[in-house]
Q: 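Dropping the structure in here first, questions after.
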Amino acid sequence: MSKDTISDLLTSIRNADMAKKETVRIEFTNIAENVVKILLREGFIKNARKHRENNKSFLVLTLFYRRNRGGTTRTFLNLKQVSRPGRRIYSKSHQIPRILGGVGIAILSTSRGIITDREARIEGVGGEFLCYIW
């Protein structure tokens with residue numbers, strides 16, 4: 001685990017999704033909890049719960065999978081980290097891009113908390129781009 005909690009979160013979800021795991025366990029932080037709440041609210045994950053083990057807290061996420069007609073499962077999430085510790089990416093409220101024409105979401109860290117790109121446009125706030133999800 002590195003000190004970049006957003007990249008750890010996204011990498012864990014991406015790896016579990018590619019390996020077709022039903023659940024993934026992520027170390028609990030406030031930022032991770034807020035991002036997971038957005039993923040749950042927007043319908044990118046099925047369920048999330050907090051689990052405590054040996055004085056450490058974890059988030060256990062249940063992932064979605066789609067079944068094709070041939071019976072094979074298809075991964076559902078595409079995650080891309082935008083802002084990194086070495087290079088922060090900021091945007092004003094009127095310059096926030098639409099991800100795949102509004103199908104995907106961007107998660108931003110703003111003065112009003114961690115919110116989606118749609119909420120940031122409505123509230124008229126800009127901030128740091130954390131990730132894109134589609």
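What you see is a predicted model; the values in this text were computed from it and never measured.
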Q: Go through I13 and L79 one step at a time and tell me if the side-chain contact (heavy atoms from CB on, under 4.5 Å) criterion holds.
A: CA-CA 9 Å; I13 293 173; L79 307 155; 3.7 Å; yes
Q: Under a 4.0 Å threshold between the charged nitrogen and the carboxylate oxygen, would R41 count as salt-bridged to E119?
A: yes
Q: Does atom CZ of R88 have more than 12 heavy-atom neighbours from other groups under 6.0 Å away?
A: yes
Q: Could you tell me which non-hydrogen atom of F58 sits nearest to which non-hydrogen atom of E27, and how far apart they are?
A: CD2-CA, 3.9 Å
Q: Side-chain contact, heavy-atom cut-off 4.5 Å: I96 with F129?
A: yes
Q: In terms of hydrophobic clustering (I, L, V, M, F, W, Y; side-chain heavy atoms under 4.5 Å; direct or indirect links), are Y132 and I89 co-clustered?
A: yes
Q: When you compare the side chain of K50 with that of F28, does any pair of heavy atoms fall below 4.5 Å?
A: yes
Q: Quick one: pull up OG in S57 and CZ in R52 and give me the separation to the nearest 0.5 Å.
A: 4.5 Å
Q: What pair of heavy atoms forms the shortest contact from K46 to L40, and how long is it?
A: O-CD1, 3.5 Å
Q: Going by heavy atoms in the side chains, are V125 and I115 under 4.5 Å from each other?
A: yes
Q: Do the side-chain N and O atoms of S83 and E128 include a donor-acceptor pair separated by under 3.5 angstrom?
A: yes
Q: State the CG-SG distance between L9 and C131, to the nearest 0.5 angstrom.
A: 7.5 Å
Q: So how far is it from I107 CD1 to L10 CG, rounded to the nearest 0.5 Å?
A: 8.0 Å
Q: For T110 versus G126, what's the shortest heavy-atom pair and its separation?
A: CG2-O, 3.4 Å
Q: Is the side chain of R121 donor-acceptor paired with the backbone N or O of S93 at a distance under 3.5 Å, no angle test?
A: no
Q: Tell me, do I114 and L130 make a side-chain contact under 4.5 Å, heavy atoms counted?
A: yes
Q: Please confirm whether the backbone N or O of D4 pairs with a side-chain atom of S7, one donor and one acceptor, at under 3.5 Å?
A: yes
Q: Which atom pair, heavy atoms only, marks the closest approach of I26 to S12?
A: CG1-CB, 4.3 Å
Q: Side-chain contact test, heavy atoms from C-beta onward, threshold under 4.5 Å: evaluate it for L39 versus I133 and give yes or no.
A: yes
Q: To the closest 0.5 Å, what do you measure between CD1 (I99) and NZ (K80)?
A: 9.0 Å
Q: Is the side chain of D17 donor-acceptor paired with the backbone N or O of L77 at a distance under 3.5 Å, no angle test?
A: yes
Q: Answer whether the closest heavy-atom distance between the side chains of R118 and I105 falls below 4.5 Å.
A: yes
Q: Taking C-beta and beyond as the side chain, do L59 and R49 meet within less than 4.5 Å on heavy atoms?
A: no
Q: Given 3.5 Å as the limit, does a donor-acceptor pair link the side chain of E123 with the main chain of A120, or not?
A: no
Q: Within a reach of under 6.0 Å around CD1 of I31, are more than 12 heavy atoms found that belong to other residues, nucleotides or ligands?
A: no
Q: Might you work through the side-chain contact (heavy atoms from CB on, under 4.5 Å) test for E22 and L63, ending with a clear yes or no?
A: CA-CA 6 Å; E22 287 287 323; L63 304 177; over 6 Å; no
Q: Quick check: closest heavy atoms across D117 and P97, and the distance to 0.1 Å?
A: OD2-O, 3.7 Å
Q: Taking the side chain as C-beta and beyond, is there a heavy-atom pair between V35 and I6 under 4.5 Å?
A: yes
